[in-house]
Number of protein chains: 2
Amino acid sequence: MHTALLTKASSSALPSLDLNIPPLRPYADASTPSVGSVRSFAKDEEIFGEGDRAAFVYKVLSGVVRTSKLLSDGRRQIDAFHLTGDIFGIEAGEEHRFCAEAVGDCMVILYRRTHLASSVGKDAQLVQDMTTGMMRSLVRAQNHMLLLGRKSAVEKIATFLLDMAERTADDDALDLPMSRTDIADHLGLTIETVSRSFTQLERQGIIELPSARHVVLANRAALERLNT
Amino acid sequence: MHTALLTKASSSALPSLDLNIPPLRPYADASTPSVGSVRSFAKDEEIFGEGDRAAFVYKVLSGVVRTSKLLSDGRRQIDAFHLTGDIFGIEAGEEHRFCAEAVGDCMVILYRRTHLASSVGKDAQLVQDMTTGMMRSLVRAQNHMLLLGRKSAVEKIATFLLDMAERTADDDALDLPMSRTDIADHLGLTIETVSRSFTQLERQGIIELPSARHVVLANRAALERLNT
DNA sequence: CGGACTTTTGAAGGACATCAAAATCTGTGG
DNA sequence: CCACAGATTTTGATGTCCTTCAAAAGTCCG
């Protein structure tokens, strides 16, 4: 029975080697296997801290989560914002190397790591999700290194807006769930520079800012040009 | 036999879920399974280009490889240097999103990707290596984002030196295989700033520079302090 | 309406980039 | 072994993008 399950897993594609990311992000829904437990977090509440024992892997059901690292003097780098359906908190070692916090009120599902490791094959979809999540994190991190290392402030904002739009928006209107401080710590800037870059893009007619957190991509082509 | 191999694999830890990085990096040696073919590359020779079909996964047998991304105007970000034993070129999609070049003369082993995907279980060690390689890349990328986004030039150099020392050196002497240009493009700086930062660390007695590419970590504690 | 928080704007400063040139290293051929 | 040409690295002078410090404007929610 043990071997049978494993054989079944390998007959389609062994999780660890199916490196192809499915074209559509799997939606978080009620049909998610019951191996996980659901928790909700209030705005700015900590989901796990840097150095915490990594007992779970997490998936966002609703809301937005940020994962970040801190230097001893308080400088912060947000490595990613996780939207609905995104998996976060996958770790190689025993402890979390990031902290995770709720950007706004949110719900997440927790999968116990030991459970994952010991009952392989019981939920091939979940295992696939983990691999996909890891691969997706890697791709995002690699693109983000180019942004952090080599792009100007305005280019960073342009890339960020296009990415958020792609992940959340159907049209060219976009609601930013996070503060300027969060954006700054994600892009390696200060809040003032973030604000000034938004203003500059607005003055150039590339975006509209009906309110601070509502962005309209008025000239997507110009944004794409800043993204190259 | 097929199932037997899989069972064997799972008895210790199934590749896709054993996220723990083995404490010691596996050494590249002659006993590496024969499924790969070996190629050598001259200094600065391209191993694969951005956009190339990702037909292989690679492992460094000797020398150093850099993987990098380019912006349209030539700005470059080196995401990682790969030393002996490191795996690189793992992709989620059909094509390489980086280019890979030999930093100096080097040898790499190529594993055909289709071969990996279709003959799973034939080489559990290799499968484990792939997963480990992916996980290791993710960890490195995440640490590097903090460096790129939030560290000063001197802090970047300090972190870089400590990392290289950890990966290559037994004692406090260190031979840098790459140029100042490569270091600059890895750390998001210019060659002039890299050079000035080296000089500053030397003046402070934290490192010694008998020659440009030979570094002695004279005061490791001070370096660690810059690394926090 | 009022107070706290977030965002924007302004002025000044600093860290890193750019431009330029000197110094050093590397390899090759005499 | 030395000379020399090219490449790499270092150093200097200046410029600029982003940060820092400060304050005004806008937003949220009781």
Side-chain angles (χ1 to χ4, degrees), chain A residues 42-44 66 71 73-77 103-105 147-161 174-204 207-215 226, chain B residues 42-44 64 66 71 73-78 103-105 147-161 174-204 207-215 226:
Chain A
K43 178 171 147 67
D44 291 329
R66 62 175 175 256
L71 291 174
D73 63 358
R75 279 174 290 175
R76 183 176 71 151
Q77 177 65 42
V103 168
D105 296 353
L147 177 148
L148 291 171
R150 287 303 182 210
K151 291 189 183 178
S152 71
V154 171
E155 289 172 334
K156 286 177 177 180
I157 296 292
T159 302
F160 174 70
L161 289 177
L174 178 59
D175 271 305
L176 298 176
M178 72 291 286
S179 68
R180 294 292 189 260
T181 302
D182 281 349
I183 296 174
D185 284 348
H186 184 46
L187 303 182
L189 299 169
T190 60
I191 55 172
E192 295 94 333
T193 300
V194 169
S195 180
R196 276 185 255 267
S197 301
F198 271 110
T199 305
Q200 182 183 330
L201 289 172
E202 189 185 28
R203 270 197 304 259
Q204 295 175 213
I207 63 172
E208 290 161 29
L209 283 171
S211 77
R213 302 222 179 170
H214 194 81
V215 185
L226 288 170
Chain B
K43 178 170 147 65
D44 292 329
V64 178
R66 62 175 176 255
L71 291 174
D73 62 358
R75 280 175 288 176
R76 182 177 70 150
Q77 177 65 41
I78 294 177
V103 168
D105 296 353
L147 176 149
L148 291 171
R150 287 303 182 210
K151 291 189 183 178
S152 71
V154 171
E155 289 171 335
K156 286 176 178 181
I157 297 292
T159 302
F160 174 70
L161 288 177
L174 179 58
D175 271 306
L176 298 176
M178 73 291 286
S179 69
R180 295 292 189 260
T181 302
D182 281 350
I183 296 174
D185 285 347
H186 184 47
L187 303 182
L189 299 169
T190 60
I191 55 172
E192 294 94 333
T193 299
V194 169
S195 179
R196 275 185 254 266
S197 301
F198 271 110
T199 304
Q200 182 183 328
L201 289 173
E202 189 184 28
R203 271 197 303 259
Q204 295 174 213
I207 63 171
E208 289 161 29
L209 283 171
S211 77
R213 304 224 179 167
H214 194 80
V215 184
L226 287 170

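Chain A is the first sequence line, chain B the second, and so forth, proteins listed ahead of strands; every chain is numbered from 1.
- Take B:S152 and apply the side chain to side chain donor-acceptor pair (under 3.5 Å) test, not counting sequence neighbours, and it matches B:E155.
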Write down the protein N/O and nucleotide N/O pairs, taken from nucleotides 1-3 of chain C, whose separation is under 3.5 Å; answer none if there are no such pairs.
none

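- Contact detail for B:R150 and A:L71: the closest heavy-atom pair is O-CD1, 4.0 Å.
- Taking side-chain N and O atoms only, A:S195 has no distance below 4.0 Å to OP1 or OP2 of C:dT7.
- In the helix from C:dC1-D:dG30 to C:dG30-D:dC1, the end axes, each obtained as the rotation axis mapping the C1' atoms of four pairs onto the next four within a five-pair block, lie 40° apart to the nearest 10 degrees.
- Listed by residue number, the members of residues 151-159 of chain B with any heavy atom below 4.0 angstrom from DNA chain C are B:S152, B:A153.
- Counting only residues at least two apart or in different chains, salt bridge (charged side-chain N to carboxylate O under 4.0 Å, His left out) contacts with residues 192-203 of chain A are absent.
- Protein atom NE2 of B:H214 is 14 Å distant from nucleotide atom P of D:dT10, rounded to whole Å.
- Listed by residue number, A:S179, A:R180 are the residues of residues 179-191 of chain A with a heavy-atom contact under 4.0 Å to DNA chain C.
- Set against D:dT11, D:dC18, D:dT8, the side chain of B:T199 has D:dT11 as its closest nucleotide.
- Here B:R76 pairs with B:D182, B:D185 under the side chain to side chain donor-acceptor pair (under 3.5 Å) rule; sequence neighbours left out.
- Rounded to an integer number of Å, the gap from A:D73 CG to D:dT20 P is 11 Å.
- Computed from coordinates, the B:R75 CZ to C:dC16 C1' distance equals 15 Å when rounded to whole Å.
- With sequence neighbours left out, B:D105 forms a side-chain contact (heavy atoms from CB on, under 4.5 Å) with B:A42, B:K43.
- Residues satisfying the side chain to side chain donor-acceptor pair (under 3.5 Å) test with A:S197, not counting sequence neighbours, are none.
- Partners of B:L174 by side-chain contact (heavy atoms from CB on, under 4.5 Å), not counting sequence neighbours, listed by chain and number: B:L161, B:M164, B:A165, B:T168, B:A169, B:L176, B:V215.
- Contacts of A:E208 classified as side chain to side chain donor-acceptor pair (under 3.5 Å), with partners at least two apart in sequence or in another chain: none.
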Tell me, for nucleotides 21-30 of chain D in 5' to 3' order, what letter each nucleotide earns: B for a base near a protein heavy atom under 4.0 Å, S for only sugar-phosphate near one, - for neither?
B---------
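- The interatomic distance linking B:Q200 (CD) with C:dC16 (C1') rounds to 12 Å, in whole Å.
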